[in-house]
**Q** 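Could you have a look at this structure, given as structure tokens, before my questions?
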Amino acid sequence: MTNAAAPTQNVSGARSLLYHVILCAVSLVMLYPLLWMFASSFKPDDEIFGNASLWPDSFTLDAYMRGWSGLTVSFGTFFWNSLVIAVLSVIGNVISCSLAAYAFARLKFPLKNFWFALMLGTLMLPYHVTLIPQYVLFLNLDWVNTFLPLVVPKFLAADAFFIFLLYQFFRGIPRELDEAAIIDGAGPWRIFWSVMLPLSVPALATAAIFTFIWTWDDFFGPLIYLNDASQYTVQLGLRTFVDSTGKSDWSALFAMSVVALIPVLLFFGVFQRLLIEGIATTGLKG
Amino acid sequence: MTTTAQIPLTISEPEKRSRRRGALSRTLVSYSFLAPWLIGFLGLTLGPTLASLYLSFTNFDLLQDPQFIGMANYQRIVTNDVKFWHSMQVTFTYVILAVPLKLAFALGLAMVLNRGIAGLPLYRALFYLPSLLGASVAIAVLWRQLFAKDGLANVALGFFGVEGPSWISDPNYSLYTLVLLSVWQFGSPMIIFLAGLRQIPPDVYEAANIDGANKVQQFFRITLPLLTPVVFFNGIVQTIDAFKAFTPAFIISEGTGGPIDSTLFYTLYLYQEGFAYFRMGYASALAWILLIIIACFTAFSFLTSRYWVHYND
Amino acid sequence: MTHDLNRRTLLKAALGSAGLGALGSLPAFAQDARVRLYWWGSKERADRTLKAVSLYQERNPSVKIDGETLAWGDYWPRLATQAAGRNAPDLIQMDYRYVAEYARRGALLPLDEFMGKSLTIGDFDKASLDSCKVDGKLYGINIGNNSNALIYNKAAFQKAGVPEPVDVTWDKFFELAAAVTKAHNGEYYGTSDGSAEEVAFENWLRQRGKALYTEDGKLGLTEQDAAEWFAMWAKARETKACPPADLQALDKNNIETNLLTQGRAACAFNHSNQYVGYQVLNKNPLGITMYPQGAGPNPGHYLKPSMMWSIYARSKVAEQAVKFANFTVEDVDGAKLLGVERGVPASPKVREAVAADLDAQGKLVVDYISHVTPKVGPIPPAPPKGAGEIQTMLRRIAEQVSFGRLSTTDGGKQYVSEAQAILSRA
């Protein structure tokens with residue numbers, strides 16, 4: 001599906017076939033592990049490890065039903081929790097990180113380089129060592145066993161990755177556009193809202209996609225801060241299926257892993273259009 | 001760009017006050033944009049970070065109060081810790097191999113996907129799929145199946161008459177399976193490259209076509225230079241991530257870093273020290289050393305970036 | 001600008017109330033005691049535990065028990081983090097490997113003062129009580145006992161036409177294993193390589209009258225002992241009784257990576273309470289028996305708690321927590337709900353009561369423990385600090401030997417010197 005914004009090089013027939021062959025081959029390699037997981041979700045447990053083939057000897061939907069009944073609460077609850085956290089995180093991240101990125105990319109203010117260095121610095125420390133002091137901090141705020149430690153930092157631009165990402169994209173937007181707006185009497189907020197944001201839709205869509213997926217896939221935060229099984233997220237719920245010292249339910253794990261992919265794929269599918277069909281950058285020299 | 005008239009030789013007092021007020025209000029506006037991050041940083045991040053720095057100078061076994069021991073942790077790391085050097089070596093090897101490969105695939109496939117071919121959205125989703133699985137336990141199982149002695153990788157190699165070793169359980173090769181895992185998940189940098197490619201205006205290519213430039217020339221003269229901010233971003237972020245890599249080694253080696261510590265990533269070593277052996281003070285010291293290394297690398301990258309990264313501002 | 005700030009503030013306020021909503025009901029003061037219960041395990045264990053909790057709450061309406069559960073791998077990091085934050089749960093399911101670590105660092109409450117009052121486990125045999133003591137004080141309530149168990153694939157031995165590895169010496173064991181490998185044309189091995197497994201090493205050491213550690217926390221073995229251990233397995237590798245290094249390294253000695261489950265070897269060195277977990281993943285019927293025993297008089301096995309209940313030292317509801325724990329191991333109704341899924345109950349009357357409800361696999365495990373009990377030796381002293389690290393180190397050195405990077409004698413020397421370094425650092 002081509003669109004106006006894409007470089008419209010119509011690829012010739014033979015070329016197109018070649019591309020397709022390459023893409024298919026790569027896709028197969030990428031996909032094989034997932035196909036195996038999908039196939040295993042239909043196998044009974046004692047077949048999963050002994051049998052590496054993609055086709056189950058005995059086909060059963062048991063795993064999906066067992067998996068859905070979850071732990072002490074159903075998997076549906078896990079899905080809902082993950083959804084709430086992920087959506088709130090996307091909103092918080094996109095808003096707060098774009099604000100901070102704009103400040104770093106376009107505005108002048110004292111101590112700017114100092115704060116920038118610190119902001120990047122937060123990317124560099126492994127979380128395992130700030131884990132316990134952070135836990136104590138949230139404990140003192142009485143936020144443990146709630147979603148707050150997972151969501152509030154997103155509204156406070158705690159993910160320096162996204163600040164940096166949007167910063168790079170903002171710097172790629174020509175200053176002439178800013179200047180044109182200034183001549184029209186716009187202040188920084190107007191420029192941010194009317195110039196930067198519309199031109200950064202691909203970057204913002206990227207930030208949204210990544211935030212959703214990473215929040216959806218995150219298990220360490222929920223592991224530490226959510227005590228009650230009724231608050232567990234999907235990833236945490238998945239991990240309870242496998243207890244290396246006792247009975248595990250591998251087929252249920254695979255079944256629910258497959259199901260857990262669906263919301264992320266949906267989110268990705270919806271937002272990638274924004275990513276790809278971003279506002280055309282024609283009309284720069286307007 | 002100059003906007004005002006020339007500055008008079010003497011500035012009147014009211015004028016000075018007005019300019020100061022102007023500067024102050026500009027600063028306030030700037031800081032209002034920065035406010036969420038600043039509040040978060042000062043409130044939620046700074047405290048724990050400084051705490052972990054303090055802990056690196058203590059013996060902290062998690063269950064009892066930390067005891068200050070000065071530089072003892074750092075001394076031990078530098079003079080008496082074989083595993084430190086070994087895990088550094090494992091991590092550096094991983095970074096040097098995984099990052100360039102991953103970025104090359106990401107850029108290559110982003111370019112292919114940026115063209116007008118049918119079925120693009122499907123392919124994009126397919127290539128991104130592995131990254132969606134992230135840290136799942138299922139991945140570990142798959143990887144072990146694929147790269148065991150009789151796993152699919154060796155079956156494929158068998159078609160070419162090559163008899164492969166047991167990649168995942170042979171200490172000489174196990175690290176490469178982790179490199180492959182990282183490269184397999186190139187979807188994230190690929191998406192970012194795509195977003196970057198989308199921001200290059202098509203009229204630039206049209207103009208180049210009119211001038212008679214071929215595809216290769218267009219790539220090296222137009223695409224790559226305009227893409228440098230994104231390349232820079234991906235390079236830095238992927239490298240930092242690779243230095244801090246934990247989950248792949250953790251799930252595939254089941255937290256052991258084996259066989260024979262061949263997959264003992266630095267952060268995995270740190271995790272073992274902190275959580276398995278109750279030596280959180282030592283683990284904190286290890287973490288801060290890693291931070292210093294990463295910071296040096298990043299600073300160096302930023303300083304040299306002016307020579308090859310072209311921003312549009 | 002002020003417009004946007006207001007929006008953000010509103011959002012945070014809304015979030016705050018949403019967060020409070022997610023908090024669940026706040027702990028009530030006054031009458032209701034609230035006990036946080038923390039355990040690891042599978043869904044089945046969770047179901048059983050929650051049933052026991054409901055029954056207990058019916059009988060004791062003034063107590064509310066909040067259950068929190070995770071899988072084994074995630075369980076310990078969360079516990080460590082919470083304990084570091086002085087916020088650990090009240091009633092903790094504890095493992096033998098960690099109880100000494102937590103107890104010696106003051107995180108667990110000694111339970112001696114509850115004995116005879118809220119804690120009526122006087123009918124436990126001495127071994128079941130002693131195994132939960134650290135430095136003379138009781139820190140755990142034994143939930144169930146297990147012992148070392150060799151879990152093996154019966155069909156593999158039948159195919160080779162040799163007897164199953166029951167009541168054999170080590171030499172005979174390797175003979176049988178080599179025969180199994182031969183019968184399968186070298187594609188399926190008679191046993192997995194146990195050189196990296198501390199459970200097997202310890203058992204073998206005890207048979208020689210040695211031990212991993214002495215009473216005062218020093219090493220209980222010599223370089224020669226370790227070297228002989230490695231040499232024994234090197235010979236097994238030569239005769240193909242056990243797999244080569246690169247195959248064995250796939251095995252991280254948990255149920256799913258074990259070579260037995262992976263269909264590559266016929267025997268796994270493990271514990272009896274994991275038998276059921278293994279059988280679920282294996283199509284072939286599995287047998288359970290003791291590790292090969294030495295010719296001498298010293299028994300290698302001992303009974304140890306598969307898990308125990310411990311109380312957090314800073315718990316404000318210790319009394320109620322102890323009462324519930326007691327309910328699960330002494331009250332027949334409570335214990336029946338838990339079953340033998342956590343191990344064979346230490347109280348004789350409970351064992352009897354539970355016996356009626358056992359399925360075939362459960363029966364097998366209970367019978368095994370009964371069979372082993374008269375043959376066990378005394379439980380070793382609680383391991384010293386650093387024991388966990390030494391356990392990991394054994395794996396690394398055993399792998400270096402099996403991959404040919406260290407000779408067996410050097411492996412023995414390396415083990416001892418590193419172990420001593422670890423012990424002195426701890």
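Just the heavy atoms: all of them, side chains too, but no hydrogens, waters or symmetry mates, feed the values below. Below, read A as the first sequence line, B as the second, and so on, with proteins coming before strands; counting in each chain starts at 1.
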**Q** In the structure I gave you, are the side-chain heavy atoms of B/L146 and A/W36 within less than 4.5 Å of one another anywhere?
**A**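 The answer is no; the side chains never approach within 4.5 Å.
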**Q** So which part of A/K108 gets closer than 4.5 Å to some heavy atom of chain B, the side chain, the backbone, both or neither?
**A**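 Only the backbone of A/K108 comes within 4.5 Å of chain B.
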**Q** Count the heavy-atom pairs under 4.5 Å between each of B/T49, B/V230, B/I192, B/N234 and chain A, then report the option with the highest count.
**A**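 The residue among B/T49, B/V230, B/I192, B/N234 with the greatest pair count is B/I192.
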**Q** Identify the heavy atoms of B/S52 and A/L125 that sit nearest to each other, and give their distance.
**A**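 For B/S52 and A/L125, the tightest heavy-atom pair comes out as OG-CD2, 3.9 Å.
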**Q** A/T122 versus chain B, heavy atoms under 4.5 Å apart: side chain, backbone, both or neither?
**A**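 When you check distances to chain B, only side chain atoms of A/T122 fall under 4.5 Å.
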**Q** Looking at B/L53, B/L44, B/T298, which makes the most heavy-atom pairs under 4.5 Å with chain A?
**A**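 With the most close heavy-atom pairs to chain A, the winner is B/L44.
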**Q** Which region of A/F192, side chain (C-beta onward) or backbone (N, CA, C, O), has a non-hydrogen atom less than 4.5 Å from a non-hydrogen atom of chain B, or is it both or neither?
**A**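 It is the side chain, since no backbone atom gets that close.
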**Q** Specify which of A/V242, A/L118, A/L253 makes the most heavy-atom pairs with chain B at under 4.5 Å.
**A**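 Of the candidates given, the most pairs with chain B belong to A/L118.
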**Q** Where do A/L99 and B/L34 land on the side-chain contact (heavy atoms from CB on, under 4.5 Å) test, with the steps shown first?
**A** CA-CA 7 Å; A/L99 289 171; B/L34 208 59; over 6 Å; no
**Q** Side chain, backbone, both or neither: which part of B/L50 has a heavy atom under 4.5 Å from chain A?
**A**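 Answer is neither: B/L50 stays 4.5 Å or more from chain A.
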**Q** Side chain, backbone, both or neither: which part of B/F186 has a non-hydrogen atom closer than 4.5 Å to chain A?
**A**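 Contact with chain A: side chain only.
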**Q** Using non-hydrogen atoms only, which part of B/I293 is less than 4.5 Å away from chain A: side chain, backbone, both, or neither?
**A**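 No part of it gets close to chain A.
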**Q** Can you confirm whether B/L55 sits close enough to A/P133 that some side-chain heavy atom of one is under 4.5 Å from a side-chain heavy atom of the other?
**A**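 Of all side-chain heavy-atom pairs linking A/P133 with B/L55, at least one is under 4.5 Å.
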**Q** Check the pair B/F275 / A/L131 against side-chain contact (heavy atoms from CB on, under 4.5 Å), numbers first and verdict last.
**A** CA-CA 11 Å; B/F275 282 94; A/L131 187 66; 3.6 Å; yes
**Q** Specify which of B/F232, B/F105, B/F243 makes the most heavy-atom pairs with chain A at under 4.5 Å.
**A**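 That would be B/F232.
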**Q** Working to the nearest 0.5 Å, report the span between NE2 of A/H128 and OG of B/S284.
**A**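 It is 12.0 Å, given to the nearest 0.5 Å.
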**Q** For B/F233 and A/F161: C-alpha separation, side-chain torsions, deciding distance, then whether ring pair (Phe, Tyr, Trp, His ring centres under 6.0 Å) applies.
**A** CA-CA 9 Å; B/F233 171 81; A/F161 173 88; 5.3 Å; yes
**Q** Working to the nearest 0.5 angstrom, can you tell me the gap between A/M119 CE and B/L38 CG?
**A**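 Output value for this atom pair is 12.0 Å.
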**Q** Kindly indicate, with the supporting measurements, whether the criterion side-chain contact (heavy atoms from CB on, under 4.5 Å) is fulfilled by A/L265 and B/Y128.
**A** CA-CA 9 Å; A/L265 279 174; B/Y128 195 53; over 6 Å; no
**Q** Hey, could you give me the CG/CD1 distance between A/L123 and B/I236, rounded to the nearest 0.5 Å?
**A**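 Those atoms lie 9.5 Å apart.
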**Q** Less than 4.5 Å to any heavy atom of chain B: does that hold for the side chain of A/L261, its backbone, both, or neither?
**A**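 It is the side chain, since no backbone atom gets that close.
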**Q** Please round to the nearest 0.5 Å and tell me the distance separating atom OG of A/S98 and atom CZ of B/F33.
**A**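 One finds 9.0 Å between OG of A/S98 and CZ of B/F33.
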**Q** Return yes if some donor-acceptor pair links the side-chain N/O of A/Q168 with the main-chain N/O of B/P229 below 3.5 Å, else return no.
**A**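 Yes, the answer is positive, given that a donor and an acceptor are paired below the 3.5 Å cut-off.
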**Q** Please evaluate residues A/L111 and B/Y31 with respect to the criterion side-chain contact (heavy atoms from CB on, under 4.5 Å), reporting the C-alpha separation (whole Å), side-chain torsions for both, the decisive distance (0.1 Å), and the verdict.
**A** CA-CA 10 Å; A/L111 295 181; B/Y31 269 95; 3.8 Å; yes
**Q** Please flag which part of A/C24 lies under 4.5 Å from any non-hydrogen atom of chain B: side chain, backbone, both or neither.
**A**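 Both backbone and side chain.
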**Q** For A/L165, which atoms come within 4.5 Å of any heavy atom of chain B: side chain, backbone, both, or neither?
**A**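 Both the backbone and the side chain of A/L165 come within 4.5 Å of chain B.
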**Q** Against chain B, label A/P110 side chain, backbone, both or neither, depending on which of its atoms sit under 4.5 Å from a heavy atom there.
**A**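 Both parts, backbone and side chain.
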**Q** Would you mind reporting whether B/F246 and A/P126 have side-chain heavy atoms less than 4.5 Å apart?
**A**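 Side chain of A/P126 against side chain of B/F246, heavy atoms only: no contact under 4.5 Å found.
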**Q** When the ring planes of A/F104 and B/W37 are compared, do they come out parallel, tilted or perpendicular, using 30° and 60° as the limits?
**A**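 Ring orientation of A/F104 relative to B/W37: perpendicular.
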**Q** B/V237, B/T267, B/V204: which one forms the most heavy-atom pairs within less than 4.5 Å of chain A?
**A**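 Among B/V237, B/T267, B/V204, the one with the most close pairs to chain A is B/V237.
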**Q** Among A/Y102, A/F254, A/F169, which has the most heavy-atom pairs under 4.5 Å with chain B?
**A**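 Of A/Y102, A/F254, A/F169, A/F169 has the most heavy-atom pairs under 4.5 Å with chain B.
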**Q** If I measure from the heavy atoms of chain B, does A/F138 come under 4.5 Å with its side chain, its backbone, both, or neither?
**A**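 Looking at A/F138, just its side chain touches chain B.
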**Q** Which one wins on heavy-atom pair count under 4.5 Å against chain A: B/S188, B/A156, B/A295?
**A**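 Most heavy-atom pairs under 4.5 Å with chain A: B/S188.
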**Q** Relative to chain A, which of B/I191, B/L62, B/I240, B/V309 shows the most heavy atom pairs under 4.5 Å?
**A**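 Among the listed options, the one with the most contacts to chain A is B/I191.
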**Q** Which value, rounded to the nearest 0.5 Å, describes the distance between B/W288 atom CH2 and A/M124 atom CE?
**A**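 The distance works out to 11.0 Å.
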**Q** For A/A158, is it the side chain, the backbone, both or neither that has a heavy atom under 4.5 Å from a heavy atom of chain B?
**A**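 It is neither, since no heavy atom gets under 4.5 Å.
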**Q** Hey, could you give me the CG/CG distance between A/L137 and B/L46, rounded to the nearest 0.5 Å?
**A**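 Here the rounded value is 11.0 Å.
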**Q** Show the nearest heavy-atom pair for residues B/S131 and A/D217, with the distance to one decimal.
**A**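 Answer, listing the atom of B/S131 first, then A/D217: O-OD2, 4.0 Å.
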**Q** Could you check whether the rings of A/W115 and B/F41 sit parallel, tilted or perpendicular, using 30° and 60° as the cut-offs?
**A**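 A/W115 vs B/F41 ring planes: perpendicular.
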**Q** Angle class for the A/F116/B/F302 ring planes (parallel below 30°, perpendicular above 60°, tilted otherwise)?
**A**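 Rings of A/F116 and B/F302: perpendicular, over 60°.
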**Q** Would you indicate whether the side-chain heavy atoms of A/L23 and B/L126 approach each other to under 4.5 Å?
**A**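 No, side chains not in contact.
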